Every structure is written in structure tokens, then in C-alpha cells.
There are 2 protein chains.
Amino acid sequence: MAITIKEIATAAGVSKSLVSKVINGKPDVAPETREHVLQIIEQLEYVPNNRARNLSLGSNKDIAVILPSSNYVYMRFIFRLYEELRRYAYNANIYVTEHDKERERSIFQSIRANGLAGVACFIDPEGSEETCNWLEKLNVATVTLGEELCSKKFDRVFCSEKDMALETCRIVSERSAGTVHVLMLPESKAYERRRNHCIRTALQNCGLKAERVVFCQVSEVSAEEGLRVTRDILKLHSAGIICSLSNVLTAGCLRAMNESPHQMHEFDIVTLGDLSLLQDFGFSYPFVTFPSEAMARATADLLHHRISHADAPAKVKKLKPYCHNS
Amino acid sequence: MAITIKEIATAAGVSKSLVSKVINGKPDVAPETREHVLQIIEQLEYVPNNRARNLSLGSNKDIAVILPSSNYVYMRFIFRLYEELRRYAYNANIYVTEHDKERERSIFQSIRANGLAGVACFIDPEGSEETCNWLEKLNVATVTLGEELCSKKFDRVFCSEKDMALETCRIVSERSAGTVHVLMLPESKAYERRRNHCIRTALQNCGLKAERVVFCQVSEVSAEEGLRVTRDILKLHSAGIICSLSNVLTAGCLRAMNESPHQMHEFDIVTLGDLSLLQDFGFSYPFVTFPSEAMARATADLLHHRISHADAPAKVKKLKPYCHNS
DNA sequence: ATGAAAGCGCTAACAT
DNA sequence: ATGTTAGCGCTTTCAT
């Protein structure tokens, strides 16, 4: 067992409460006593037990972070969030639902049992209702992440898809020198329709004519789809730009490019989605994505604010897209 | 404040300890009483507070995981470790030192204050001594990760560099059809010399003749180095194999390949290091790396075992390399 | 300025 | 089978 406040008290010949006051920097302690106690603490290498302190205080410094999947698009965000939270002495606990409802249930159960200061939760576009109920039940400081509106009650940090689409098309229009190919989503789900709508609007806004041929894209679309589609595009021998919203699809797309390396340089790819990892490997296509760093910072700030001011009105933080221009 | 055991006791008209017994499934409770209490618990949606329980038990279910950097080579391991730990009801807290000693200090300080069940720590090849001292001071179940021997006292999970080098060369020798180029480490540090030694030995063992030209590699070597070296190799117009130990270097290497895409297919790359992320993007070069999944599982198992049997002799788990063959 | 005592939510002897 | 009590490590009144 680690050394406790009691042993410090005994060693210093004072009471527990006096030691506690020293630890917490309370003013009503005689300077000499404080010095003495501090010395003993140093000497015995005492570190106060946060758990006990929190139990006593009824407070807590743990933040649960909930991700829908263990996808590496979250990695940059996560690593940064750890840092940003640490600024406020919070500690992050990561949970991944893997889109599984049963799993989500058990996660929220365990979060509840651990008792924490707050939650940062990426809202799965599909089935956000249950998640929302869970979050409400937790009844702690909550920041929801992503465009999906889970409940107006919660603070929210997101980067608008409309803005991202707009930014992407802006970059495309600057580089375009031929037919533009756009990979878009199948429109079976609401959020897919929304995305495509964003892209179409953005294309118009940027003066990219509709007749410029367009294919279809994303999120849950397979790499095979990207492969197939890109192969078709390549057959046309048309220089152009492929604009996508997902890494999976882009993967297929890149694979197709790789098959015909001689055409590689005739193509320009602009993606809506984080390709920074690829960039480490020397492929630096421009891309537009949500700003991981800013998002992490805003999330930590909002959480801290909410924890300090529980009754503050819900804030929504809309962030600008992150554009990586090669 | 969340609902507590006391309120359940009152609501059920029994004592706190009785409720506690029901929660913990103790045998000496009358079936009807148990049923009744359970019902109240359900009704009031009561979830026991783990912190308080742990404080009382003097136990803990948190595992600190210490990484030297926020590199994505750890990602697969991390995500898997979360799962494996969850099997034992443990929870992981990630800390990243970023190779900064001051930061490491503050991390260990905070770990100590939070009080936890165990630590899983990747040992930085350089400066492992301090880390080792910290780990000893923590005095909790510890698993060190990596080939670096931190102290014999700790359990350890690792994949031998010798084995990885051997496996890599084996694959190389199977595919080789021309000059073999090997990128190796500069030999300023001890661990670099060790690595190179492993590779040289492996080359010999696999009958890859020494005269086959060889360059140099890794870990802290820049992408620019890889770029330069690979450019040189490409100038020779020699088909061959490049074998490396780091993603950074491989990055430069791939970038050079990308510059001359027409040569791309004449080359075969075998790397010692995880390229699985690249693979998602359609580039599936064979590679050899430490087995993230197995490592995560072994880590969780060892930690749990150590936590249950504090005095068990230190175990060392040596894992086979993970080979990704395209 | 210092200490005694109560309490945070829970468990574990030890009664009864 | 159930309740009483003490205690985990700490903070915080409230006396002194």
C-alpha cells in the first residue's frame, strides 16, 4: 500500500487535517509548520491519492471519450485530446462502440459505474437516439462531436459538412483542368443524401458545371467500389479530379491509380477526408477534413467550462475545415 | 449526485451492508430479500460507484499504458489492448511521453496519484534507466514492452528483433531476383548497432550474399534520407528489394518510387515495420512487424496474472513476428 | 494556527 | 439471515 496522509501527519507530529491544508495550499497554516510538513512529504515521497480526494470532494477528473469505431481518422484527435484535457488535469478514458448497440450499452453502464466528470461523444449518424438517451441518463458534462445533432441540451463541436464540401470544391476549381469526377454517396440513408446535397450545392457555388461527369461516393462504400469506379475513369484517359468523402473509397481509388502508374501524374486528387497518414508515406494529395487539433482543443475547453458552470447555456462550436494543400 | 447504496437500503427497508451483499452476490442473503433489493435497484437504476468500492477494497481496476510517442504504429496495439483489458474489467489510461523526460516525470507523478492496478510501458531504447526507476517506484503490476530489458523484475512482452530481421530476410530471399538493397541504421547508438547486427546475421543465414549492395536504415533516420538513398538505387535501374526498419524511412523510399512511377512495378519492397495503414490505401508491400494483436493479448494476460499473483516469478513472453505477405 | 470529528460510497468483520 | 461498526484516504466544518 502506498503511503498516506495519516503517516505524514504522524511523521510530522501534526494532525491529518493540517497536512490536508498544506497539500491544498490553504492560507491558515503557520509558515514554519507548512515548511516542515512539506519537507516530510518530500522526504517520504508522498503523493496524495486522487481517488480518495475525489470521493471526499464528490468530484472527479475523468472524461470518457466515445468513438464509433477504432478508425485511424480519430487517432490524431484522440492523441491531441489527451493533451488538451491534461491541461485541465482531466484524464481521458477511451471507449469504442464499434457501431454495436449492445456494446454501447455495456460501455455506458461501465461509464456510469466509474463516475466521471464528463463525456465527449462522437455521434453515430445512424441510431443517435439511443446514444442520446444514454448521454442524458449519465447526467454529466457532455460534448457531442460531429454534425449530427443529438440534443440541443448538449454542447457540441463540429465542422460543417457544407463548409467542407465548399472548401473541397473551391480547391478543385482552382486546380481543375479537364473533366471533374466526383465520387459521391449512395443515397439510401438520410445523412448520405445530406452529404451529397452539400457537394452538389458546393459544386454549383464554385461554378463547376453539372455536366462535368460525376460518380459516386463514400463512407460505407467499399474500396472495391472506388477501385472499379476509378478504373472506369482511367479508361476515359481524362485528366481530372476525384473528390471523395471517405478514406475507404479513396483507398480503392489510389489502388486503381497504382495499377496504372503512368497515368498517375495526369491526375489530381482532392479528397474530403484525412489523408495525412498517406502523406507521411510521400503521397501528398490535397485534402479537406475536420480540424482534429482545433476540435480537440474546443472539446476540452467546452468540457471544462461545462464542468465548472453546469447551468451555462449549451454552446455550439462550429469549426472551419482543415485544408491540406500540397 | 448519483443515487447511492444508502438510498437503496432505505427504499428497500434494509441495511446498507445487506444491499452490498446483494450487489456482490454473497451467498448469505435470503432469496426473497435478494429479489426485493434487486428490484429496487432496477427500479431506481442504481449503479454502484466503482471508485468508492475500490477505495474500500484497496483495489483498483485501472491500467496505465505508457507510449514513447503518439506514433500510429502503436495504434493497432492500443485499440486492441483496450479490448483485451476490458475482458478482465480493467480500464486503460494512455500516457505519451513524447521522449520528453520532464513529461515522463509528470506522467509518473500523475499515475502515482491516481493509484492504479498496473502499468504497461513501452521502453524507450535510449534512457530506459530513469523509466525503470519510476516503474519500480510505482510498485504495481508492471509489463514492459519491447526488446529493451528494463529490469528483470518485470514481466515483459516482446518480439525479438533478431526474429523479425530473420523473417524479413527469409521473405526477401524468396522474392529476390536481382540486386538486394538494404537500408540500415547509422551505428551511433547501441540499439542501432544491435539492429544492424541482427540484419547482417539474418542476411547471412538466408544465404543473401554480402556483396549484394546494401544501404542503411532507420528509426530516427529522416524521410529525406530514404528519399535520397532510394533515388540513388533507382538510378542504377536495378530491380531489387529494399528492406527497412522504419516507417519514416520507408516514407521517403516510397516517395522516391512515386517520383518515377514507371519503375514502380519493377520493384519489390519488403519492410521491417508496420505498413498496414498503407495497405488500406492499396499499397500492399509485404512487411514484417511485431504482432500487435498478440502483444495486446499477452500484455493483458500478464498484467492480470501479475495483479492476481503479486509474488509470481517474472514472466517473459516472446512473440513471433507478424508477417504480412502480399 | 491547529485538531477532532463527521462524512464521501462502499466493503468487511463482527455481532445478533 | 440481517444489522452494526469500523475503516479505505481524504476534505471540511467547527471547536479550541
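Every heavy atom of this structure was used, including side-chain atoms; hydrogens, water molecules and symmetry mates were not. Everything numeric in this text was worked out from a predicted model, so none of it was measured. Proteins come first, then strands; the chains are lettered A, B, ... in the order of their sequence lines, and each starts at number 1.
Rounding to whole angstrom units, CZ of residue B:Arg112 and P of D:dG9 are separated by 15 Å. The separation between B:Asn54 atom CG and D:dG9 atom C1' is 13 Å, rounded to whole Å. The CG atom of B:Asn114 sits 14 Å away from the C1' atom of D:dG9 (whole-angstrom rounding). Atom CZ of A:Arg51 is separated from atom P of D:dT11 by 15 Å (rounded to the nearest Å). Whole-Å rounding puts the B:His36 NE2 to D:dA1 P distance at 18 Å. Here the P atom of nucleotide D:dT11 and the CD1 atom of A:Ile8 are 13 Å apart, to the nearest Å.
Every residue meeting the salt bridge (charged side-chain N to carboxylate O under 4.0 Å, His left out) condition with A:Glu84, not counting sequence neighbours, appears here in chain and number order: A:Arg80, A:Arg87, A:Arg297. With sequence neighbours excluded, the residues satisfying side-chain hydrogen bond (donor to acceptor under 3.5 Å, both in side chains) with B:Glu45 are A:Lys137. Every residue meeting the side-chain contact (heavy atoms from CB on, under 4.5 Å) condition with B:Val47, not counting sequence neighbours, appears here in chain and number order: A:Gln109, A:Arg112, A:Ala113. Every residue two or more places apart in sequence or in another chain that forms a side-chain contact (heavy atoms from CB on, under 4.5 Å) with A:Leu44 is listed here: A:Ile3, A:Ile8, A:Ala11, A:Ile40. Remark: A:Ser17 engages A:Ser15 in a side-chain hydrogen bond (donor to acceptor under 3.5 Å, both in side chains) (not counting sequence neighbours). Every salt bridge (charged side-chain N to carboxylate O under 4.0 Å, His left out) that A:Arg51 has, sequence neighbours left out, goes to B:Asp62. With sequence neighbours left out, B:Tyr74 forms a ring-ring contact (aromatic ring centres under 6.0 Å, His included) with B:Phe122.
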Would you mind building the protein contact string for nucleotides 10-16 of chain C? One character per nucleotide, 5' to 3', B for base within reach (heavy atoms under 4.0 Å), S for sugar-phosphate only, - for untouched.
BBB----

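Each end of the helix from C:dA1-D:dT16 to C:dT16-D:dA1 gets its own rotation axis from five pairs of C1' atoms, and the angle between them is 50° to the nearest 10 degrees.
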Side chain to side chain contact (heavy atoms under 4.5 Å, CB included) between A:Ile5 and A:Leu18, worked out
CA-CA 10 Å; A:Ile5 201 174; A:Leu18 207 275; over 6 Å; no

